[in-house]
Protein chains: 2
Amino acid sequence: MLKEERHTTILNEIRIHNRVLLTDLSNLLQVSEDTVRRDLKELDHKGQIKKVHGGAISTGYHSHNQIYAHDKKVVIAQKAIKLLKSGQNVLITGGTTNYELARLIPSKLKITFITPSLSTASQLLSHKHIEVIFLGGRLSHEGQIALGGSVVNSLSEIRADLCFLGTGYLDTVNGLTEFDWEVVQIKKAMIKSSDHVVSLAISEKLNSSQRYKVCDMDSINTMITELNPDDHILDSYRKNGIKIL
Amino acid sequence: MLKEERHTTILNEIRIHNRVLLTDLSNLLQVSEDTVRRDLKELDHKGQIKKVHGGAISTGYHSHNQIYAHDKKVVIAQKAIKLLKSGQNVLITGGTTNYELARLIPSKLKITFITPSLSTASQLLSHKHIEVIFLGGRLSHEGQIALGGSVVNSLSEIRADLCFLGTGYLDTVNGLTEFDWEVVQIKKAMIKSSDHVVSLAISEKLNSSQRYKVCDMDSINTMITELNPDDHILDSYRKNGIKIL
DNA sequence: ATAAGATTTGCAATATTTTGCGTTTTAATT
DNA sequence: AATTAAAACGCAAAATATTGCAAATCTTAT
(Lines give C-alpha, C1' and ligand atoms only; values in the text may rest on other atoms or scores of the structure.)
Protein backbone atom coordinates (compact mmCIF):
# COMPACT_ATOMS: atom_id res chain seq x y z
CA MET A 1 0.00 0.00 0.00
CA LEU A 2 1.27 3.40 -0.93
CA LYS A 3 1.97 6.05 1.61
CA GLU A 4 -0.53 8.42 0.07
CA GLU A 5 -3.23 5.79 0.31
CA ARG A 6 -2.53 5.28 3.96
CA HIS A 7 -2.60 8.98 4.58
CA THR A 8 -6.00 9.36 2.98
CA THR A 9 -7.33 6.44 4.94
CA ILE A 10 -6.00 7.87 8.17
CA LEU A 11 -7.47 11.28 7.48
CA ASN A 12 -10.81 9.68 6.69
CA GLU A 13 -10.82 7.65 9.85
CA ILE A 14 -10.12 10.75 11.88
CA ARG A 15 -12.71 12.76 10.01
CA ILE A 16 -15.33 10.15 10.84
CA HIS A 17 -14.42 9.32 14.41
CA ASN A 18 -12.64 12.49 15.47
CA ARG A 19 -9.90 10.28 16.79
CA VAL A 20 -8.00 7.15 16.03
CA LEU A 21 -5.85 4.65 17.89
CA LEU A 22 -2.44 3.76 16.62
CA THR A 23 -2.98 0.04 17.09
CA ASP A 24 -6.23 0.10 15.15
CA LEU A 25 -4.60 1.83 12.24
CA SER A 26 -1.78 -0.66 12.24
CA ASN A 27 -4.34 -3.45 11.92
CA LEU A 28 -6.47 -1.68 9.38
CA LEU A 29 -3.62 -0.73 7.11
CA GLN A 30 -1.64 -3.91 7.65
CA VAL A 31 1.60 -2.15 8.30
CA SER A 32 3.79 -1.96 11.37
CA GLU A 33 3.00 0.48 14.14
CA ASP A 34 6.24 2.24 13.34
CA THR A 35 5.02 3.06 9.89
CA VAL A 36 1.73 4.37 11.20
CA ARG A 37 3.62 6.39 13.73
CA ARG A 38 5.70 7.94 11.01
CA ASP A 39 2.58 8.63 8.98
CA LEU A 40 0.93 10.35 11.90
CA LYS A 41 4.05 12.35 12.54
CA GLU A 42 4.03 13.56 8.98
CA LEU A 43 0.36 14.44 8.97
CA ASP A 44 0.72 16.21 12.27
CA HIS A 45 3.59 18.19 10.88
CA LYS A 46 1.41 19.24 7.98
CA GLY A 47 -1.18 20.33 10.52
CA GLN A 48 -3.83 17.96 9.23
CA ILE A 49 -4.17 16.02 12.45
CA LYS A 50 -2.94 16.26 15.98
CA LYS A 51 -0.78 13.37 17.12
CA VAL A 52 -1.23 12.36 20.73
CA HIS A 53 0.04 9.58 22.92
CA GLY A 54 -1.59 6.42 21.63
CA GLY A 55 -3.04 7.77 18.42
CA ALA A 56 -4.27 11.01 16.92
CA ILE A 57 -7.20 13.39 17.11
CA SER A 58 -8.77 15.78 14.66
CA THR A 59 -7.29 19.20 14.53
CA GLY A 60 -10.28 21.15 13.29
CA TYR A 61 -11.49 21.89 16.77
CA HIS A 62 -10.80 24.74 19.08
CA SER A 63 -9.05 22.48 21.53
CA HIS A 64 -5.96 22.23 19.41
CA ASN A 65 -5.02 25.86 19.19
CA GLN A 66 -5.54 26.48 22.85
CA ILE A 67 -3.06 23.90 23.95
CA TYR A 68 -0.85 24.25 20.94
CA ALA A 69 2.61 25.48 21.74
CA HIS A 70 1.54 26.07 25.31
CA ASP A 71 5.01 25.40 26.65
CA LYS A 72 6.57 27.94 24.36
CA LYS A 73 4.05 30.51 25.48
CA VAL A 74 4.91 29.93 29.10
CA VAL A 75 8.56 30.51 28.32
CA ILE A 76 7.72 33.76 26.56
CA ALA A 77 5.45 34.89 29.36
CA GLN A 78 8.13 34.30 31.94
CA LYS A 79 10.62 36.39 30.03
CA ALA A 80 8.06 39.15 29.63
CA ILE A 81 7.31 39.28 33.33
CA LYS A 82 10.88 40.30 34.02
CA LEU A 83 10.16 43.61 32.31
CA LEU A 84 7.49 44.53 34.83
CA LYS A 85 8.07 46.89 37.75
CA SER A 86 5.70 48.00 40.48
CA GLY A 87 3.90 51.22 39.76
CA GLN A 88 3.80 50.80 36.02
CA ASN A 89 0.84 51.40 33.78
CA VAL A 90 0.79 48.59 31.27
CA LEU A 91 -1.21 48.05 28.10
CA ILE A 92 -1.80 44.44 27.17
CA THR A 93 -3.68 42.75 24.33
CA GLY A 94 -5.46 39.42 24.26
CA GLY A 95 -4.13 36.14 22.96
CA THR A 96 -3.04 33.00 24.69
CA THR A 97 0.50 34.17 25.34
CA ASN A 98 -0.68 37.26 27.16
CA TYR A 99 -3.16 35.12 28.99
CA GLU A 100 -0.24 33.10 30.29
CA LEU A 101 1.55 36.28 31.21
CA ALA A 102 -1.49 37.40 33.17
CA ARG A 103 -1.60 34.09 34.98
CA LEU A 104 2.02 34.17 36.01
CA ILE A 105 2.27 37.66 37.46
CA PRO A 106 4.03 37.51 40.82
CA SER A 107 2.04 38.81 43.74
CA LYS A 108 4.62 41.33 44.83
CA LEU A 109 4.08 43.54 41.79
CA LYS A 110 1.56 46.37 42.07
CA ILE A 111 0.69 47.23 38.51
CA THR A 112 -2.19 48.74 36.59
CA PHE A 113 -3.07 46.81 33.46
CA ILE A 114 -5.21 48.21 30.71
CA THR A 115 -6.71 45.81 28.20
CA PRO A 116 -9.48 45.33 25.66
CA SER A 117 -9.40 41.55 26.09
CA LEU A 118 -11.99 39.76 28.17
CA SER A 119 -9.92 36.71 28.89
CA THR A 120 -6.82 38.67 29.80
CA ALA A 121 -8.85 40.97 32.02
CA SER A 122 -10.51 38.08 33.76
CA GLN A 123 -7.22 36.39 34.38
CA LEU A 124 -5.64 39.58 35.69
CA LEU A 125 -8.53 40.05 38.09
CA SER A 126 -7.62 36.87 39.87
CA HIS A 127 -4.69 38.80 41.31
CA LYS A 128 -6.06 40.98 44.08
CA HIS A 129 -3.10 43.34 43.98
CA ILE A 130 -3.43 44.17 40.30
CA GLU A 131 -5.63 47.01 39.09
CA VAL A 132 -7.41 46.32 35.84
CA ILE A 133 -8.92 48.83 33.44
CA PHE A 134 -11.07 47.42 30.68
CA LEU A 135 -11.30 49.30 27.42
CA GLY A 136 -14.97 49.02 26.57
CA GLY A 137 -16.59 48.63 23.19
CA ARG A 138 -18.30 46.13 20.95
CA LEU A 139 -16.92 42.71 21.69
CA SER A 140 -15.81 40.37 18.94
CA HIS A 141 -17.00 36.80 19.19
CA GLU A 142 -13.81 35.33 17.86
CA GLY A 143 -11.16 37.11 19.87
CA GLN A 144 -13.27 38.10 22.86
CA ILE A 145 -11.83 41.58 22.67
CA ALA A 146 -13.38 45.00 22.44
CA LEU A 147 -13.06 46.60 19.02
CA GLY A 148 -14.02 49.84 17.39
CA GLY A 149 -13.66 53.57 17.83
CA SER A 150 -14.48 53.68 21.50
CA VAL A 151 -11.42 51.61 22.31
CA VAL A 152 -9.18 53.75 20.13
CA ASN A 153 -10.62 56.90 21.71
CA SER A 154 -10.04 55.66 25.22
CA LEU A 155 -6.49 54.74 24.30
CA SER A 156 -5.80 58.27 23.15
CA GLU A 157 -6.37 59.40 26.74
CA ILE A 158 -3.88 56.96 28.17
CA ARG A 159 -0.13 57.11 28.70
CA ALA A 160 1.42 53.77 29.46
CA ASP A 161 4.94 52.74 30.38
CA LEU A 162 4.78 49.45 28.60
CA CYS A 163 2.74 47.71 25.95
CA PHE A 164 2.59 43.95 25.46
CA LEU A 165 1.48 43.02 21.97
CA GLY A 166 0.44 39.40 21.68
CA THR A 167 -0.05 37.34 18.53
CA GLY A 168 0.61 39.16 15.27
CA TYR A 169 3.04 38.19 12.55
CA LEU A 170 6.57 39.49 12.38
CA ASP A 171 8.73 39.99 9.35
CA THR A 172 11.76 42.23 8.87
CA VAL A 173 10.33 43.63 5.64
CA ASN A 174 6.67 44.15 6.48
CA GLY A 175 7.05 44.64 10.20
CA LEU A 176 4.19 43.61 12.47
CA THR A 177 1.10 42.54 10.55
CA GLU A 178 -2.34 41.22 11.44
CA PHE A 179 -5.20 39.41 9.80
CA ASP A 180 -7.97 41.57 11.21
CA TRP A 181 -8.24 45.21 10.26
CA GLU A 182 -10.01 46.24 13.43
CA VAL A 183 -7.39 44.62 15.57
CA VAL A 184 -4.78 46.61 13.67
CA GLN A 185 -6.48 49.87 14.65
CA ILE A 186 -6.39 48.90 18.31
CA LYS A 187 -2.76 47.87 18.23
CA LYS A 188 -1.72 51.04 16.45
CA ALA A 189 -3.43 53.07 19.13
CA MET A 190 -1.78 51.02 21.85
CA ILE A 191 1.66 51.57 20.38
CA LYS A 192 1.02 55.29 20.14
CA SER A 193 0.12 55.44 23.82
CA SER A 194 3.14 53.55 25.11
CA ASP A 195 6.70 54.49 25.90
CA HIS A 196 8.00 51.00 25.29
CA VAL A 197 6.54 48.40 22.94
CA VAL A 198 7.09 44.70 23.52
CA SER A 199 6.12 42.07 20.96
CA LEU A 200 5.50 38.53 22.14
CA ALA A 201 5.46 35.84 19.48
CA ILE A 202 6.25 32.17 19.21
CA SER A 203 8.87 31.51 16.58
CA GLU A 204 6.32 30.16 14.11
CA LYS A 205 5.02 33.69 13.75
CA LEU A 206 8.40 34.95 12.61
CA ASN A 207 9.15 35.62 8.97
CA SER A 208 5.50 35.49 8.03
CA SER A 209 3.08 38.28 7.37
CA GLN A 210 -0.61 39.02 7.04
CA ARG A 211 -2.59 41.50 5.03
CA TYR A 212 -2.77 44.50 7.35
CA LYS A 213 0.16 46.36 8.77
CA VAL A 214 0.37 47.47 12.38
CA CYS A 215 3.83 49.02 12.39
CA ASP A 216 7.39 48.75 11.14
CA MET A 217 9.92 46.76 13.06
CA ASP A 218 11.52 49.93 14.38
CA SER A 219 8.38 50.78 16.33
CA ILE A 220 9.01 47.70 18.39
CA ASN A 221 11.45 48.12 21.22
CA THR A 222 11.63 44.61 22.57
CA MET A 223 10.89 41.30 20.99
CA ILE A 224 10.32 38.08 22.91
CA THR A 225 10.23 34.56 21.53
CA GLU A 226 10.67 31.19 23.13
CA LEU A 227 14.07 30.87 21.45
CA ASN A 228 17.44 31.61 22.86
CA PRO A 229 18.13 35.32 22.19
CA ASP A 230 21.16 34.53 20.05
CA ASP A 231 19.48 31.89 17.94
CA HIS A 232 20.42 32.39 14.30
CA ILE A 233 16.75 32.56 13.31
CA LEU A 234 16.65 35.93 15.00
CA ASP A 235 19.70 37.32 13.21
CA SER A 236 17.75 39.40 10.72
CA TYR A 237 15.76 41.02 13.52
CA ARG A 238 18.78 41.94 15.55
CA LYS A 239 20.08 44.60 13.23
CA ASN A 240 16.98 46.77 13.65
CA GLY A 241 18.20 47.81 17.08
CA ILE A 242 15.53 45.76 18.72
CA LYS A 243 16.21 44.27 22.09
CA ILE A 244 15.68 40.54 21.91
CA LEU A 245 14.82 38.40 24.91
CA MET B 1 -9.39 6.09 25.85
CA LEU B 2 -6.90 8.72 24.84
CA LYS B 3 -5.83 11.36 27.27
CA GLU B 4 -6.93 14.11 24.93
CA GLU B 5 -10.40 12.63 24.79
CA ARG B 6 -10.64 12.69 28.53
CA HIS B 7 -9.54 16.28 28.56
CA THR B 8 -12.18 17.28 26.06
CA THR B 9 -14.83 15.45 28.03
CA ILE B 10 -13.77 17.10 31.25
CA LEU B 11 -13.80 20.55 29.68
CA ASN B 12 -17.25 19.88 28.27
CA GLU B 13 -18.60 18.73 31.60
CA ILE B 14 -17.30 21.85 33.24
CA ARG B 15 -18.63 24.06 30.52
CA ILE B 16 -22.09 22.61 31.01
CA HIS B 17 -22.25 22.28 34.78
CA ASN B 18 -19.72 24.91 35.80
CA ARG B 19 -18.17 22.32 38.07
CA VAL B 20 -17.36 18.64 38.32
CA LEU B 21 -16.63 16.18 41.06
CA LEU B 22 -13.55 14.09 40.82
CA THR B 23 -15.42 10.91 41.68
CA ASP B 24 -18.03 11.53 38.98
CA LEU B 25 -15.36 12.00 36.37
CA SER B 26 -13.64 8.85 37.49
CA ASN B 27 -16.89 6.96 36.91
CA LEU B 28 -17.74 8.67 33.68
CA LEU B 29 -14.33 8.18 32.12
CA GLN B 30 -13.74 4.75 33.61
CA VAL B 31 -10.28 5.52 34.89
CA SER B 32 -8.83 5.76 38.37
CA GLU B 33 -9.22 8.88 40.44
CA ASP B 34 -5.48 9.39 40.24
CA THR B 35 -5.66 9.68 36.51
CA VAL B 36 -8.47 12.19 36.71
CA ARG B 37 -6.52 14.09 39.31
CA ARG B 38 -3.56 14.24 36.97
CA ASP B 39 -5.80 15.35 34.13
CA LEU B 40 -7.28 18.12 36.22
CA LYS B 41 -3.84 19.17 37.32
CA GLU B 42 -2.74 19.43 33.74
CA LEU B 43 -5.81 21.36 32.63
CA ASP B 44 -5.48 23.66 35.59
CA HIS B 45 -1.87 24.25 34.74
CA LYS B 46 -2.94 25.24 31.27
CA GLY B 47 -5.43 27.61 32.82
CA GLN B 48 -8.42 25.93 31.25
CA ILE B 49 -10.09 25.00 34.52
CA LYS B 50 -9.62 25.69 38.18
CA LYS B 51 -8.86 22.67 40.29
CA VAL B 52 -10.45 22.66 43.72
CA HIS B 53 -10.74 20.23 46.58
CA GLY B 54 -12.87 17.37 45.33
CA GLY B 55 -13.06 18.36 41.69
CA ALA B 56 -12.79 21.40 39.48
CA ILE B 57 -14.68 24.52 38.49
CA SER B 58 -14.60 26.74 35.46
CA THR B 59 -11.92 29.41 35.41
CA GLY B 60 -12.16 33.03 36.40
CA TYR B 61 -15.61 34.43 36.79
CA HIS B 62 -18.10 32.80 39.08
CA SER B 63 -17.12 31.31 42.39
CA HIS B 64 -18.59 28.84 44.83
CA ASN B 65 -21.64 30.95 45.63
CA GLN B 66 -22.51 30.31 42.01
CA ILE B 67 -24.07 27.10 43.18
CA TYR B 68 -26.17 28.73 45.83
CA ALA B 69 -29.85 28.90 44.98
CA HIS B 70 -28.94 27.93 41.47
CA ASP B 71 -32.31 26.35 40.76
CA LYS B 72 -34.20 29.44 41.77
CA LYS B 73 -32.00 31.53 39.53
CA VAL B 74 -32.72 29.33 36.56
CA VAL B 75 -36.45 29.77 37.15
CA ILE B 76 -36.04 33.54 37.28
CA ALA B 77 -33.86 33.59 34.19
CA GLN B 78 -36.41 31.61 32.23
CA LYS B 79 -39.16 34.02 33.12
CA ALA B 80 -36.96 36.96 32.18
CA ILE B 81 -36.14 35.56 28.78
CA LYS B 82 -39.81 35.75 27.82
CA LEU B 83 -39.52 39.54 27.89
CA LEU B 84 -36.92 39.57 25.14
CA LYS B 85 -37.69 40.34 21.52
CA SER B 86 -35.41 40.43 18.51
CA GLY B 87 -33.99 43.83 17.70
CA GLN B 88 -33.96 45.10 21.25
CA ASN B 89 -31.15 46.96 22.92
CA VAL B 90 -30.83 45.53 26.40
CA LEU B 91 -28.86 46.67 29.43
CA ILE B 92 -27.86 43.93 31.81
CA THR B 93 -25.88 43.90 35.05
CA GLY B 94 -23.72 41.17 36.52
CA GLY B 95 -24.67 38.65 39.15
CA THR B 96 -25.32 34.98 38.97
CA THR B 97 -28.98 35.31 38.00
CA ASN B 98 -28.14 37.40 34.97
CA TYR B 99 -25.37 34.97 34.20
CA GLU B 100 -27.99 32.24 33.99
CA LEU B 101 -30.12 34.47 31.82
CA ALA B 102 -27.21 34.97 29.47
CA ARG B 103 -26.66 31.25 29.32
CA LEU B 104 -30.25 30.44 28.42
CA ILE B 105 -30.84 32.91 25.62
CA PRO B 106 -32.47 31.12 22.70
CA SER B 107 -30.59 31.26 19.44
CA LYS B 108 -33.43 32.74 17.45
CA LEU B 109 -33.22 36.09 19.22
CA LYS B 110 -31.05 38.77 17.66
CA ILE B 111 -30.38 41.19 20.47
CA THR B 112 -27.74 43.71 21.47
CA PHE B 113 -26.75 43.46 25.10
CA ILE B 114 -24.85 46.16 26.91
CA THR B 115 -23.14 45.29 30.15
CA PRO B 116 -20.40 46.31 32.55
CA SER B 117 -20.05 42.74 33.83
CA LEU B 118 -17.20 40.55 32.71
CA SER B 119 -18.90 37.27 33.46
CA THR B 120 -22.18 38.23 31.83
CA ALA B 121 -20.37 39.56 28.77
CA SER B 122 -18.32 36.43 28.46
CA GLN B 123 -21.38 34.23 28.69
CA LEU B 124 -23.28 36.33 26.16
CA LEU B 125 -20.38 36.05 23.73
CA SER B 126 -20.88 32.32 23.52
CA HIS B 127 -23.99 33.08 21.45
CA LYS B 128 -22.81 33.98 17.99
CA HIS B 129 -26.03 35.80 17.12
CA ILE B 130 -25.88 38.17 20.07
CA GLU B 131 -24.07 41.48 19.87
CA VAL B 132 -22.30 42.47 23.05
CA ILE B 133 -21.15 45.93 24.06
CA PHE B 134 -18.94 46.12 27.10
CA LEU B 135 -19.00 49.26 29.21
CA GLY B 136 -15.35 49.76 30.01
CA GLY B 137 -13.78 51.10 33.15
CA ARG B 138 -11.85 50.06 36.22
CA LEU B 139 -12.81 46.51 37.08
CA SER B 140 -13.70 45.51 40.61
CA HIS B 141 -12.09 42.36 41.90
CA GLU B 142 -15.15 41.27 43.83
CA GLY B 143 -17.94 41.69 41.32
CA GLN B 144 -15.87 41.51 38.16
CA ILE B 145 -17.70 44.53 36.82
CA ALA B 146 -16.57 47.87 35.48
CA LEU B 147 -17.16 50.74 37.87
CA GLY B 148 -16.62 54.47 37.89
CA GLY B 149 -17.38 57.55 35.89
CA SER B 150 -16.49 56.14 32.51
CA VAL B 151 -19.28 53.59 32.78
CA VAL B 152 -21.81 56.20 33.87
CA ASN B 153 -20.71 58.48 31.04
CA SER B 154 -21.04 55.77 28.44
CA LEU B 155 -24.50 54.93 29.75
CA SER B 156 -25.61 58.51 29.27
CA GLU B 157 -25.08 58.02 25.55
CA ILE B 158 -27.24 54.92 25.39
CA ARG B 159 -30.96 54.38 24.98
CA ALA B 160 -32.10 50.87 25.81
CA ASP B 161 -35.45 49.14 25.51
CA LEU B 162 -34.94 47.00 28.56
CA CYS B 163 -32.79 46.84 31.63
CA PHE B 164 -32.21 43.72 33.71
CA LEU B 165 -31.08 44.56 37.22
CA GLY B 166 -29.61 41.60 39.02
CA THR B 167 -28.88 41.23 42.73
CA GLY B 168 -29.87 44.20 44.89
CA TYR B 169 -32.23 44.26 47.83
CA LEU B 170 -35.92 45.02 47.53
CA ASP B 171 -38.16 46.59 50.09
CA THR B 172 -41.47 48.44 49.63
CA VAL B 173 -40.33 51.28 51.86
CA ASN B 174 -36.72 51.82 50.73
CA GLY B 175 -37.08 50.54 47.21
CA LEU B 176 -34.06 48.97 45.56
CA THR B 177 -30.91 49.24 47.65
CA GLU B 178 -27.31 48.08 47.35
CA PHE B 179 -24.29 47.52 49.53
CA ASP B 180 -21.76 49.14 47.24
CA TRP B 181 -21.96 52.84 46.49
CA GLU B 182 -20.23 52.56 43.13
CA VAL B 183 -22.60 49.86 41.99
CA VAL B 184 -25.47 52.17 42.89
CA GLN B 185 -24.15 54.84 40.54
CA ILE B 186 -24.05 52.36 37.68
CA LYS B 187 -27.54 51.05 38.31
CA LYS B 188 -28.98 54.55 38.55
CA ALA B 189 -27.46 55.37 35.19
CA MET B 190 -28.80 52.16 33.70
CA ILE B 191 -32.32 52.88 34.88
CA LYS B 192 -32.11 56.38 33.46
CA SER B 193 -31.16 55.01 30.06
CA SER B 194 -33.89 52.38 29.82
CA ASP B 195 -37.52 52.44 28.82
CA HIS B 196 -38.41 49.44 30.92
CA VAL B 197 -36.72 48.33 34.13
CA VAL B 198 -36.79 44.70 35.24
CA SER B 199 -35.59 43.60 38.66
CA LEU B 200 -34.50 40.01 39.15
CA ALA B 201 -34.18 38.78 42.69
CA ILE B 202 -34.50 35.51 44.56
CA SER B 203 -37.08 35.76 47.33
CA GLU B 204 -34.41 35.95 50.03
CA LYS B 205 -33.61 39.42 48.77
CA LEU B 206 -37.14 40.65 49.36
CA ASN B 207 -38.07 42.78 52.35
CA SER B 208 -34.47 43.56 53.14
CA SER B 209 -32.42 46.63 52.45
CA GLN B 210 -28.88 47.87 52.31
CA ARG B 211 -27.24 51.21 52.93
CA TYR B 212 -27.36 52.88 49.54
CA LYS B 213 -30.47 53.53 47.53
CA VAL B 214 -30.73 52.91 43.80
CA CYS B 215 -34.36 53.87 43.23
CA ASP B 216 -37.90 53.76 44.59
CA MET B 217 -40.13 50.84 43.80
CA ASP B 218 -42.07 52.86 41.29
CA SER B 219 -39.01 53.15 39.06
CA ILE B 220 -39.20 49.42 38.58
CA ASN B 221 -41.61 48.23 35.93
CA THR B 222 -41.31 44.48 36.27
CA MET B 223 -40.21 42.30 39.12
CA ILE B 224 -39.20 38.66 38.78
CA THR B 225 -38.69 36.15 41.56
CA GLU B 226 -38.68 32.38 41.60
CA LEU B 227 -42.06 32.42 43.39
CA ASN B 228 -45.45 32.02 41.89
CA PRO B 229 -46.61 35.54 40.87
CA ASP B 230 -49.56 35.41 43.25
CA ASP B 231 -47.62 34.19 46.25
CA HIS B 232 -48.71 36.16 49.34
CA ILE B 233 -45.11 37.17 50.02
CA LEU B 234 -45.38 39.43 47.01
CA ASP B 235 -48.64 41.10 48.12
CA SER B 236 -47.04 44.29 49.36
CA TYR B 237 -45.18 44.77 46.07
CA ARG B 238 -48.25 44.29 43.95
CA LYS B 239 -49.89 47.54 44.91
CA ASN B 240 -47.12 49.68 43.45
CA GLY B 241 -48.39 48.93 39.97
CA ILE B 242 -45.44 46.72 39.34
CA LYS B 243 -45.84 43.82 36.99
CA ILE B 244 -44.87 40.64 38.78
CA LEU B 245 -43.65 37.51 37.01
C1' DA C 1 18.55 -2.49 -18.29
C1' DT C 2 21.13 -1.51 -14.44
C1' DA C 3 23.92 0.51 -10.92
C1' DA C 4 24.13 4.31 -7.60
C1' DG C 5 21.44 6.87 -4.57
C1' DA C 6 17.53 7.98 -2.02
C1' DT C 7 13.37 6.62 0.36
C1' DT C 8 10.54 3.53 2.83
C1' DT C 9 9.74 -0.14 5.89
C1' DG C 10 10.13 -3.43 9.74
C1' DC C 11 12.78 -4.86 13.60
C1' DA C 12 15.11 -4.70 17.97
C1' DA C 13 17.01 -2.18 21.73
C1' DT C 14 16.26 1.75 24.50
C1' DA C 15 13.76 5.58 26.31
C1' DT C 16 9.63 7.90 27.79
C1' DT C 17 4.88 8.27 29.22
C1' DT C 18 0.94 6.73 31.34
C1' DT C 19 -1.45 4.54 34.82
C1' DG C 20 -3.06 2.30 39.13
C1' DC C 21 -1.85 1.09 43.80
C1' DG C 22 -0.16 1.63 48.54
C1' DT C 23 1.51 5.02 51.70
C1' DT C 24 2.05 9.44 53.64
C1' DT C 25 0.59 14.20 53.94
C1' DT C 26 -2.66 17.66 53.73
C1' DA C 27 -7.19 19.74 54.11
C1' DA C 28 -12.07 19.97 55.52
C1' DT C 29 -15.66 18.78 59.02
C1' DT C 30 -17.48 17.81 63.48
C1' DA D 1 -8.55 17.30 68.78
C1' DA D 2 -10.41 13.55 66.18
C1' DT D 3 -12.36 11.76 62.09
C1' DT D 4 -12.76 11.50 57.46
C1' DA D 5 -12.05 12.60 52.59
C1' DA D 6 -8.97 14.13 49.34
C1' DA D 7 -4.37 15.15 47.49
C1' DA D 8 0.44 14.26 46.91
C1' DC D 9 4.21 11.13 46.57
C1' DG D 10 6.85 7.29 45.15
C1' DC D 11 6.88 3.15 42.80
C1' DA D 12 6.50 -0.48 39.41
C1' DA D 13 4.09 -2.53 35.52
C1' DA D 14 2.27 -1.72 31.05
C1' DA D 15 1.77 0.89 27.01
C1' DT D 16 3.70 3.80 23.76
C1' DA D 17 7.71 6.43 21.46
C1' DT D 18 12.23 6.97 19.67
C1' DT D 19 16.30 5.62 17.57
C1' DG D 20 19.74 3.21 14.82
C1' DC D 21 20.10 -0.07 11.49
C1' DA D 22 19.60 -3.22 7.68
C1' DA D 23 16.69 -5.02 4.13
C1' DA D 24 13.44 -3.91 0.65
C1' DT D 25 11.70 -0.75 -2.60
C1' DC D 26 11.55 2.99 -5.55
C1' DT D 27 14.18 6.79 -8.65
C1' DT D 28 16.74 8.16 -12.06
C1' DA D 29 20.81 8.96 -14.79
C1' DT D 30 23.56 6.64 -17.81
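Every chain is numbered from 1 and lettered A, B, ... according to where its sequence line falls, protein lines coming before strand lines.
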Subject >> Whole angstrom value for the distance that separates C1' of C:dT8 from CD of A:Glu42 >> reply: 11 Å

Original post:
Are any of B:Lys51's side-chain N or O atoms less than 4.0 Å away from OP1 or OP2 of D:dA8?
Top reply: yes

Original post:
Whole Å only: how far is the CG atom of B:Leu21 from the C1' atom of D:dA5?
Top reply: 13 Å

**OP:** For A:Asn174, check side chain to side chain contact (heavy atoms under 4.5 Å, CB included) against everything at least two apart and list the hits.
**Re:** A:Asp171, A:Thr177, A:Ser209

**OP:** Quick one: list whatever passes salt bridge (Lys or Arg N to Asp or Glu O under 4.0 Å) with A:Lys41, sequence neighbours left out.
**Re:** none

**OP:** Quick one: do B:Glu4 and A:Lys50 satisfy salt bridge (Lys or Arg N to Asp or Glu O under 4.0 Å)? Show the steps, please.
**Re:** CA-CA 10 Å; B:Glu4 311 295 324; A:Lys50 161 97 173 143; 5.9 Å; no

Original post:
Which angle, to the nearest 10 degrees, lies between the helix axes at the two ends of the helix from C:dA1-D:dT30 to C:dT30-D:dA1, each defined by five pairs?
Top reply: 50°

**OP:** Look at B:Arg38 together with B:Glu42 and state whether they make a salt bridge at an N to O cut-off of under 4.0 Å.
**Re:** no

Subject >> Interatomic distance where NZ belongs to A:Lys41 and P belongs to C:dT9 [whole Å] >> reply: 14 Å

Original post:
Listed by chain and number, what are the side chain to side chain contact (heavy atoms under 4.5 Å, CB included) partners of B:Ala56, not counting sequence neighbours?
Top reply: B:Ile14, B:Val20, B:Leu40, B:Ile49

Original post:
What's the CG-C1' distance between B:Leu22 and D:dA8, to the nearest Å?
Top reply: 13 Å

Original post:
What are the two closest heavy atoms between A:Ala80 and A:Phe164, and how far apart are they?
Top reply: O-CZ, 3.8 Å

Subject >> Spacing between A:Glu5 atom CD and D:dC26 atom P, to the nearest angstrom >> reply: 12 Å

**OP:** Between protein and nucleotides 19-30 of chain C, map the contacts as a letter string: B base, S sugar-phosphate only, - none, heavy atoms under 4.0 Å, written 5' to 3'.
**Re:** BBBB--------

**OP:** Using atom CZ of A:Arg37 as one end and atom C1' of C:dT8 as the other, report the distance to the nearest whole Å.
**Re:** 16 Å

Original post:
Got a sec, which residues hit side chain to side chain contact (heavy atoms under 4.5 Å, CB included) with B:Asp235, two or more places apart in sequence or on another chain?
Top reply: B:His232, B:Arg238

Original post:
Taking the six-membered ring of A:Phe134 as reference, does the NZ or CZ atom of B:Arg138 fall below 6.0 Å from its centre and within a 45° cone about the axis?
Top reply: no

